[in-house]
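Scroll down for the structure; my scribbles are underneath it.
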Protein chains: 2
Amino acid sequence: MKKLSCRFPMGIHILALIAIQPTLCTGDYLAKQLQTNPVVIRKIIAMLKKAKLVQVRAGVGGASLLKSTDQITLLDIYKAVEVVDHDGELFNIRDESNSSCQITSSLSANICETLNEAQQMMEQYLAQISLQQLLDQSFHSLAQ
Amino acid sequence: MKKLSCRFPMGIHILALIAIQPTLCTGDYLAKQLQTNPVVIRKIIAMLKKAKLVQVRAGVGGASLLKSTDQITLLDIYKAVEVVDHDGELFNIRDESNSSCQITSSLSANICETLNEAQQMMEQYLAQISLQQLLDQSFHSLAQ
DNA sequence: TTAGTTATAACTAAATCGGTTATAACAAAC
DNA sequence: GTTTGTTATAACCGATTTAGTTATAACTAA
């Protein structure tokens, strides 16, 4: 019913623009690009800073990456802005593994294990895509 | 920051219990197993009914599956209870592909494509796991 | 000193969530 | 036909998250 927050795709977009044009990327500029509010941008950037992916030039504006674009994966960004304050589990699984009913207990443990594997499939994919790859793809589609 | 709803793991658990002991599975019984409220159970079952995965004996209680356990995949359940009222996209991607800035436009399109592929990795995995497989695993861990 | 910027707190409106209560309808047993 | 146990569903609640906004303070370079 509910999607994840838009911070993840926005975070990717922000870092990509910073990679291309560091000094140009003020909060206002990025907000115009992403059609949102500068404070929303700065909140996302604050999370990316906490993950040591980016640094910001306070006062004067602009930002720059703290890693090279091929060393930043989409999983890094995902975890920086989407996985906070909890164990990182996407699915909301309640632990019934110590139920007095053995079937429920066993089922619960197996559901938990299986869903976490499903999540890992997604995260493994995100870990394989670097910011550089995304930039390459985008420039390639631009050239056509 | 936010996990998905607990309807998905609960829906799996509910269908598994129905598969094992159809007549026993009243709303009250299932609620005790999952440690929640009968109405919560019935809301989930209502979504599973809409997806034609289960039928319920109104008045007398109990439920039964409308497909065999090896023809119900976790993806079926996921889509029945977690993906409703929107296009099924997990990530909240805003369409910036018609931005006046060509870089932003191209980036947006590629972010969208990449994240949807990440989602597909997860859904493909869910599609490979049947309810029967989950039951087999659970009985196997019980036997040990 | 000024202008442009970042940092951050506080607040809002909207949506979703899990849960609860209440009411009506249903089906089988007696 | 009544009773009993159940399903179906609407209405509501409090908590939480979200994106956005406003306001204030601090920073940096010109």
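Scope of the values below: all heavy atoms of this structure, side chains included, with no hydrogens, waters or symmetry mates. Bear in mind the structure is a predicted one, so any value in this text is a computation, not a measurement.
- A:Lys43 meets the salt bridge (charged side-chain N to carboxylate O under 4.0 Å, His left out) test with no other residue; sequence neighbours excluded.
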Quick tally for nucleotides 4-11 of chain D: nucleotides whose base has a protein heavy atom under 4.0 Å get B, sugar-phosphate-only ones S, the rest -, giving -BBBSBBB
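- OP1 or OP2 of C:dG19 has at least one side-chain nitrogen or oxygen of B:Thr36 nearer than 4.0 Å.
- Taking atom CD1 of B:Ile41 as the reference point, atom C1' of C:dT21 lies 17 Å away to the nearest angstrom.
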Show me the donor-acceptor pairs, under 3.5 Å and distance only, between side chains in residues 23-30 of chain A and residues at least two apart or in other chains.
residue	atom	partner	partner atom	Å
A:Thr26	OG1	A:Tyr29	N	3.1
A:Tyr29	OH	A:Gln21	NE2	2.9
A:Tyr29	OH	A:Gln33	NE2	3.4

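- Remark: A:Asp136 engages no residue in a salt bridge (charged side-chain N to carboxylate O under 4.0 Å, His left out) (not counting sequence neighbours).
- For B:Tyr125, there are no ring-ring contact (aromatic ring centres under 6.0 Å, His included) partners at least two apart in sequence or on another chain.
- The side-chain contact (heavy atoms from CB on, under 4.5 Å) test with B:Val54 is passed by exactly one of B:Leu66, B:Ile14, B:Ile45: B:Ile45.
- A straight line from CD1 of B:Ile93 to P of D:dA19 spans 13 Å, rounded to a whole angstrom.
- For A:Lys3 and D:dA19, the NZ to C1' distance is 15 Å, given to the nearest whole Å.
- Residues satisfying the ring-ring contact (aromatic ring centres under 6.0 Å, His included) test with A:Tyr78, not counting sequence neighbours, are A:Phe8.
- Atom CG in A:Asn37 sits roughly 17 Å away from atom P in C:dA13 (whole-Å rounding).
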Considering only nitrogen or oxygen atoms on both sides, find all protein atoms under 3.5 Å from nucleotides 15-17 of chain C and state each distance.
none

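- Residues satisfying the salt bridge (charged side-chain N to carboxylate O under 4.0 Å, His left out) criterion with B:Lys32, sequence neighbours excluded, are absent altogether.
- Taking atom CD of residue A:Gln35 and atom C1' of nucleotide D:dT21, one finds them 17 Å apart after rounding to whole Å.
- Not counting sequence neighbours, A:Asp70 has no partner by the salt bridge (charged side-chain N to carboxylate O under 4.0 Å, His left out) test.
- Using Watson-Crick or G-U wobble geometry with both donor-acceptor distances under 3.5 Å, D:dA30 finds its partner in C:dT1.
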